[in-house]
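The structure under discussion appears below in the form of structure tokens.
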Protein chains: 2
Amino acid sequence: MSALQHLGELRDPKTSATSQPQLEIAGLAASANVRRYKSGETIFVEGDAAPYCYQVVTGVVKEYNTLEDGRRQVADFYGIGELFGISELDEQLHTAEAIADCAVRCYPRDSLLHAVSVSPELSHQFLDTLMTRLHHARERMVMLGRMSAMQRVAAFLIRLSSQQCRTDNIQLAMSRQDIADHLGLTIETVCRALTELRKKDVIIMPSARVFSIPDDEILDEIAHGSSAAH
Amino acid sequence: MSALQHLGELRDPKTSATSQPQLEIAGLAASANVRRYKSGETIFVEGDAAPYCYQVVTGVVKEYNTLEDGRRQVADFYGIGELFGISELDEQLHTAEAIADCAVRCYPRDSLLHAVSVSPELSHQFLDTLMTRLHHARERMVMLGRMSAMQRVAAFLIRLSSQQCRTDNIQLAMSRQDIADHLGLTIETVCRALTELRKKDVIIMPSARVFSIPDDEILDEIAHGSSAAH
DNA sequence: CGTGCAATTGAAAGTACTCAAGCCACGTGG
DNA sequence: CCACGTGGCTTGAGTACTTTCAATTGCACG
């Protein structure tokens with residue numbers, strides 16, 4: 001099976017379910033407190049000391065890096081239950097920002113890592129999360145390295161649809177700029193791809209941040225098929 | 001500090017040393033046997049059952065995915081001591097191939113994962129390896145998503161130079177095609193970038209598979225500086 | 001009903017790709 | 001010993017796609 005096909009597999013419970021840690025990490029809830037952030041607020045900055053690891057309770061968070069010239073690469077978006085701000089060093093590797101109003105649980109990094117290393121249960125679960133995340137990172141590398149703009153946008157919409165478990169009125173929590181920065185494109189190219197999908201009736205967009213997929217096979221075909229999608 | 005700068009940090013012992021597991025995993029050496037592969041031989045194929053995890057004893061291995069149209073994305077190259085063939089599922093996510101004559105240690109996957117989950121020591125080490133790998137995967141996403149062909153090639157040469165701890169007569173274990181597939185470029189584009197670097201005396205290439213870096217600051221500048229590198 | 005930001009569209013420019021051919025080192029066989 | 005064939009690497013010309021720059025539209029808000 002090819003890497004491209006994997007991109008559609010988020011829908012598959014066996015890959016996605018295991019990457020969702022439980023909503024509260026056993027034995028650590030006591031030492032963790034919850035913070036709230038408004039949409040657009042920064043949670044931490046690349047290079048910061050990293051005393052905590054974080055878990056989304058409510059809302060959506062993005063992690064990104066900024067290049068010298070101001071361009072960004074969005075590493076990932078995190079929804080309810082997902083961990084972020086994890087690194088092997090004691091400094092943050094990304095900047096994290098709320099893209100919707102958020103509640104975020106903060107686990108002391110040392111406690112979390114210690115708890116993980118002494119509990120076989122937690123260890124297994126955490127390893128699984130990391131391996132799944134690495135897996136997805138590599139699928140994204142295929143996307144960034146080998147897929148056309150249209151294919152990237154189509155694959156991104158498919159991923160959102162599978163995450164929200166629906167093909168109707170799917171919410172786009174992030175801006176066009178965030179999507180572009182995630183897919184390695186410019187905002188204009190994202191717009192043009194969306195416009196083309198709309199014109200071909202592959203997607204329906206009642207407003208700029210909501211869409212539906214009438215026939216997900218057509219979208220799949222665009223995401224996985226020939227790169228010449230005109 | 002930006003993600004781009006991280007790309008040069010492989011030279012830094014604090015990031016690279018921790019990602020190297022010891023040469024034999026304690027308590028598992030008994031159940032692991034060593035296999036040998038000639039350059040070009042396939043070790044396992046994407047989708048295969050994954051009864052083992054592997055560790056390079058000698059030589060160099062690449063892991064890659066093949067797309068429907070035959071193009072490839074090389075996920076990574078692995079040198080002495082590095083683990084590969086790791087996934088959260090019990091099937092291989094990539095195809096692995098020796099790009100030089102290799103000796104490879106095979107650990108039964110279940111034993112390895114079990115050993116890791118019950119030993120705090122191993123658990124910590126394995127987590128560290130995975131987090132570092134995720135970190136590097138994300139740096140590569142920045143590269144694939146945001147850097148020009150010339151920047152990608154320059155960054156790749158810098159990485160090789162730091163891995164081999166030298167700036168003289170650095171070996172290119174992999175073919176131009178492998179480099180192209182790793183960087184998300186075509187073989188021709190890689191050639192042109194190398195030719196340009198040679199013409200500008202940024203690198204010296206006594207032969208196609210060996211190069212030296214007279215002044216690594218210039219190369220750094222090309223990798224991290226303005227994308228207009230003409 | 002302006003203001004301001006996000007999203008969209010258009011036109012021109014540029015970068016990397018495709019296709020095609022030439023080059024080079026190496027191994028084989030006459 | 002040299003012609004020949006092979007595979008990997010390099011170069012050239014034309015093309016296609018994405019970006020850049022610029023302008024317009026749409027929408028929420030005071």
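Just so we're on the same page: letters track the sequence lines, and every chain starts at 1. This structure is a prediction, so every number in the text was calculated from the model and none was measured.
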Worksheet item: Can you check the B:Phe211 CZ to D:dT10 P distance for me, whole Å?
Response: 13 Å

Worksheet item: CE of B:Met147 versus C1' of D:dT18: gap in Å, rounded?
Response: 18 Å

Item to complete: Hey, could you give me the CZ/OH distance between B:Phe84 and B:Tyr52, rounded to the nearest 0.5 Å?
Response: 13.5 Å

Discussion item. Does either side chain, that of A:Gln73 or that of A:Tyr64, offer a donor lying less than 3.5 Å from an acceptor on the other one?
Written reply: no

Worksheet entry | Closest to side chain of A:Glu188, choosing from D:dA22, D:dG12, C:dA16 | D:dA22

Practice prompt. May I have the distance from B:Ile99 (atom CD1) to D:dG8 (atom C1'), rounded to whole angstrom?
Written response: 15 Å

Worksheet entry | For A:Thr95, side chain to side chain donor-acceptor pair (under 3.5 Å) partners two or more places apart | none

Fill in: Length of the line joining A:Leu172:CG and C:dA6:P, which is rounded to integer Å
15 Å

Worksheet, complete the sentence: To the nearest angstrom, the CG-P distance between A:Leu144 and C:dA16 comes to 15 Å

Practice prompt. May I ask you to list the residues of residues 175-187 of chain A, by number, that have any heavy atom positioned under 4.0 Å from an atom of DNA chain C?
Written response: A:Ser175, A:Arg176

Worksheet, complete the sentence: Rounded to whole Å, the CZ-C1' distance (B:Arg71 to C:dC17) equals 10 Å

Worksheet item: Any donor-acceptor pair under 3.5 Å between the side chain of A:Arg198 and the base of C:dT9?
Response: no

Discussion item. Could you check whether A:Thr189 and A:Thr186, counting side-chain N and O atoms only, form a donor-acceptor pair closer than 3.5 Å?
Written reply: yes

Worksheet item: With sequence neighbours excluded, what pairs up with A:Tyr78 under the side chain to side chain donor-acceptor pair (under 3.5 Å) test?
Response: A:Glu63, B:Arg138

Practice prompt. Indicate whether OP1 or OP2 belonging to D:dT11 is found under 4.0 Å from a side-chain N or O atom of B:Thr195.
Written response: yes

Practice prompt. Consider the side chain of B:Cys191, meaning its heavy atoms from C-beta on, and name the nucleotide among D:dT10, D:dA13, C:dA7 that approaches it most closely.
Written response: D:dT10

Item to complete: Would you kindly check whether a donor in the side chain of B:Arg209 faces an acceptor in the base of D:dG8, or vice versa, at under 3.5 angstrom?
Response: no

Response to the item:
Comparing A:Thr189 with A:Gly145, nearest DNA chain C nucleotide closer to 5' gives the residue A:Thr189

Worksheet item: Just how far, in rounded Å, is P of C:dT15 from CD of B:Glu196?
Response: 11 Å

Discussion item. Reading DNA chain D from 5' onward, which residue's closest nucleotide shows up sooner: B:Met174 or B:Arg192?
Written reply: B:Met174

Worksheet item: Side chains of A:Tyr107 and A:Arg109: do they bring a donor and an acceptor to under 3.5 Å?
Response: no

Item to complete: Output yes when B:Arg71 and B:Asp69 qualify as a salt bridge under the 4.0 Å nitrogen-oxygen rule, no when they do not.
Response: yes

